[in-house]
Structure formats: structure tokens, C-alpha cells
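Hydrogens, waters and symmetry mates are skipped; everything else that's a heavy atom, side chains included, is used. Letters A, B, ... are given to chains in the order of the sequence lines, protein chains preceding strands, and every chain is numbered from 1.
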Number of protein chains: 2
Amino acid sequence: MEKMRADARRNRAKVLAAAEEAFAADGLAVPLDDIARLAGVGAGTVYRHFPSKEALFQAVVLERIEQFAEEARGLAAAENPGEVFLDYFVRVIKQASLNRAICDALAESGGHAFKAGAGDDFRVALGELLRRAQAVGAVRKDIDGDDLRALIVGCLAVERYSPGSRHLVRIVVDGLRASSS
Amino acid sequence: MEKMRADARRNRAKVLAAAEEAFAADGLAVPLDDIARLAGVGAGTVYRHFPSKEALFQAVVLERIEQFAEEARGLAAAENPGEVFLDYFVRVIKQASLNRAICDALAESGGHAFKAGAGDDFRVALGELLRRAQAVGAVRKDIDGDDLRALIVGCLAVERYSPGSRHLVRIVVDGLRASSS
DNA sequence: GACGATACGGAGCGTACGTTCCGGTTGTCA
DNA sequence: TGACAACCGGAACGTACGCTCCGTATCGTC
């Protein structure tokens, strides 16, 4: 992974960039040959660097999820946890809805990518924001991080079904705020 | 459609029944050959009755949606529209989540099946229940039938992501109840 | 600059699946 | 019951795509 030939490292980066773009636009359905062509590389080269299309996809998705987690960690110390949490929740949904790779990763196999490995960072960071928002009474207490991830999945589906309808996500947010019943 | 040979009519019914079962279990991904085998019929016979796999799928899905619409019409005259509406909303989600054909139909092409043709009956009936629930103040007034369909899609995604977690749908229901903001 | 190792490209393989085609079969009607 | 049309089964076709293979090109080193 470190002592690679210079051209190999270059090509690996090109493949990753092309995959990022292609998967984000068309999701997992994009043929691997297209990614190779977009990267200016042969199909064999892709397989030299990633054992399968699935592995490449996961690499791309996990990288994006890690960015979400990073952002969440940066907000963990904010002084108004309620607003911060809800803003973050909405922002993640909006960003993810623009990225078909994320949507497909969630749909496939029940969001396996969100659950395993690097997705764990996201789970932890999101859970922390939630905990703080609950502590100040901004969010109902009968939910946990797993529930939240499921809600994100649902909101993504809504967003894909009828894009841009603002108040649907707000309904969920209102539901999160409502007193626990 | 009417003056068919007896065996043709029989086979058509067998294909439809098999497709219903297979699509409900495995969604659109089930190979057409499997449906034919399940129906005890050759692949050619399936194509004699339905121009494409997609058409067969739509026929099955629309039939199911029509059942939902029927049920909704039967509830239109109830004396407690608030409860009736929310119960119906939850029940549709629960039923649909058990049927991968419905889930796939919603995912594919933004729920095209729900929007066109027979799906219209569902839209109308659902809208009527909603209107009555709003009239008695049980549901916030800033949503319409299209929003509801989108919410159903989202709840289905949640259900598939983390099955059986009751209170996620309840969050949405609470959001629906919440005062309009 | 030459040599071995490493990486590249893209043709080609295997598979899966939607769809079509046609020789045989079965229902219908006179 | 005979004959024609409608229908059936399933082999075969075309396509798409993930993945592999191997002759060739490129890189790093001495």
C-alpha cells in the first residue's frame, strides 16, 4: 500500500476519483468498464487495486461516511446541542440525497456499509450529538443512534421519491421533538 | 381478454398467481424463468400473456395497490376520522413492508406505479381519509396526499432497514399530529 | 543503459437473464 | 371426429456485465 510504483499510485487515485464521481451520479448500477474508461484506465487495472467492484464501491462509500462522521465530531462541543443536532440531521440527509452511492449503499443489504467498520465512527459521532440534544430536552428520549440511522434512511427515500419537498423532513424533525408518548 | 381458450385463461391465472408470490418474496429481481417454473409453465407462455417482465410486474403491483385503495374507500365514512386515518397509514406501511414487490415498485423510477393509472384510485382514497382527519384537527394541515405517499415510501425504507422497530413509524405519526409550524 | 519486477490494457471468458422462435400439442367448432 | 387455429414448452439468441488472462509497456535499480 505504501511501496507502490509511482504510476500504480497515480492510477489508483484516478480510479478512486472516477469511481467517486460515477457512483455518486448513477449508483452501484454503473458498469465497472465505465469507471475504468472515465479514469482513463483498463478494466484490469481497476482489479489490480480493488479485488471487486463491490470493494471499490465500499471504499468510496466509507470515505464519504467518514466525512460525515468528521463533521459530527467537529460539532460535539457546541453550546446549543439541540439546534446543532437537528441542523446536522437535516444536512446529512440533504447531502446524502445528492449522492446515489450513499443511497444505494443504504438500500443494499440493509445499509450494511453504515453498520460495519468505518461506519462505526459515524454511529458513535451521531450518537454523541443525539445524547447531548436529548440531555437538554431538545429531542425525545425514547430513541437511540440506531433509530436515527433508520430515520435517515427513510428520509433519504422520501427525498428521492419527491425531491426538494422541504416539509417532509420537517415532519420527522417535529416527530423527534415531540414529547415521548 | 375474454374469448380466450380455456387453457390459456388457466395459464394466465397461474402465471399471475406465481408472479404475485415470487415478486412479493424477492421483488423485481426474481428471474422470469423462476416465475414460469413456479407457475408450471414455459417462459414463452408468460410472454404470450404479458408483453414483458415489467408489464407483469406492474400488473401484480397495481392489483395490490388497488386493494389498498379499496380498503381506504371502505373507511371513508367512519365516524372517527383521526384514528381511522392514522391506523390506516400504519397498516398500509406494515402490509407493504412485507411485500418486496411494492417496495421495489416504489424504489424504481420514484414510485411511478403509485402515481399512474390505478395508483390514482389509491391517491384519491388516501387523500379523502387525510382530508377528513385534518378536518377534525387530528392531523396537521400543511400536507397533502402527495406528501403522504412520500412519507409512506420513507417509512417503508425505514421498515426494511430495521424491521419491526415500532416507534420509528410512531415518530412520523407524532410528526403528523404535531401542530403545523 | 540494461535487466528484472511490477503494472497496464483490453480482448475474451463465463454467467445470468430478458426475449424470441418454432415444432409439437391441445382446445374448439362445425 | 376431423381440421384449423390458438396455444404451449423450452431451447436458443442477444446483450450486458463482472472478472481474468497474458502479451506488452513502464518503472526502479545497479
Would you classify B:A6 as touching base, sugar-phosphate or nothing, given that sugar-phosphate means primed atoms plus P, OP1 and OP2, and contacts are heavy atoms under 4.0 Å? sugar-phosphate

Chain B footprint on DNA chain D, 5' to 3' - any atom under 4.0 Å from a heavy atom: D:dA5 to D:dG10

Neighbour count above 12 (heavy atom, 6.0 Å) for A:E21 CD: no

Are A:V61 and A:F23 side-chain neighbours, meaning at least one heavy-atom pair lies under 4.5 Å? no

Taking atom CD of A:Q67 as the centre, does the number of heavy atoms from other residues, nucleotides or ligands within less than 6.0 Å exceed 12? yes

Residue list, side-chain contact (heavy atoms from CB on, under 4.5 Å) with A:A78, at least two apart or on another chain: A:N80, A:V84

Any side-chain donor paired with an acceptor under 3.5 Å for A:N11 and A:H49? no

Base, sugar-phosphate, or nothing: which does A:A43 touch, judged by heavy atoms less than 4.0 Å apart? base

Can you check whether A:R160 reaches A:R100 side chain to side chain, under 4.5 Å on heavy atoms? yes

Going by heavy atoms closer than 4.0 Å, what residues in residues 45-56 of chain A are next to DNA chain D? A:Y47, A:S52, A:K53

Ignoring backbone atoms, establish whether A:N11 has a side-chain N or O less than 4.0 Å from OP1 or OP2 of C:dC8. yes

Taking atom C1' of C:dG12 as reference, at what distance in whole Å does atom CG of A:D33 sit? 12 Å

Mapping B:L28 and B:R10 to their closest nucleotides on DNA chain C, which lands nearer the 5' end? B:L28

Between B:P31 and A:A8, name the one whose nearest nucleotide on DNA chain C is closer to the 5' end. A:A8

Checking side-chain polar atoms at under 3.5 Å, does B:H167 have a donor or acceptor matched by the opposite partner on A:D147? yes

Could you state the atom-to-atom distance from CG of B:L32 to C1' of C:dG18 in whole Å? 7 Å

Roughly, in whole Å, what's the span from CG in B:D34 to P in C:dC17? 7 Å

Centre of B:F68's six-membered ring, under 6.0 Å away, within 45 degrees of the axis: is that where NZ or CZ of B:R64 sits? yes

Please report the C-alpha distance between A:R123 and A:E128 in whole Å, then the side-chain angles of each, then the deciding distance to 0.1 Å, and finally whether the salt bridge (Lys or Arg N to Asp or Glu O under 4.0 Å) criterion is met. CA-CA 9 Å; A:R123 190 174 60 77; A:E128 182 61 18; over 6 Å; no

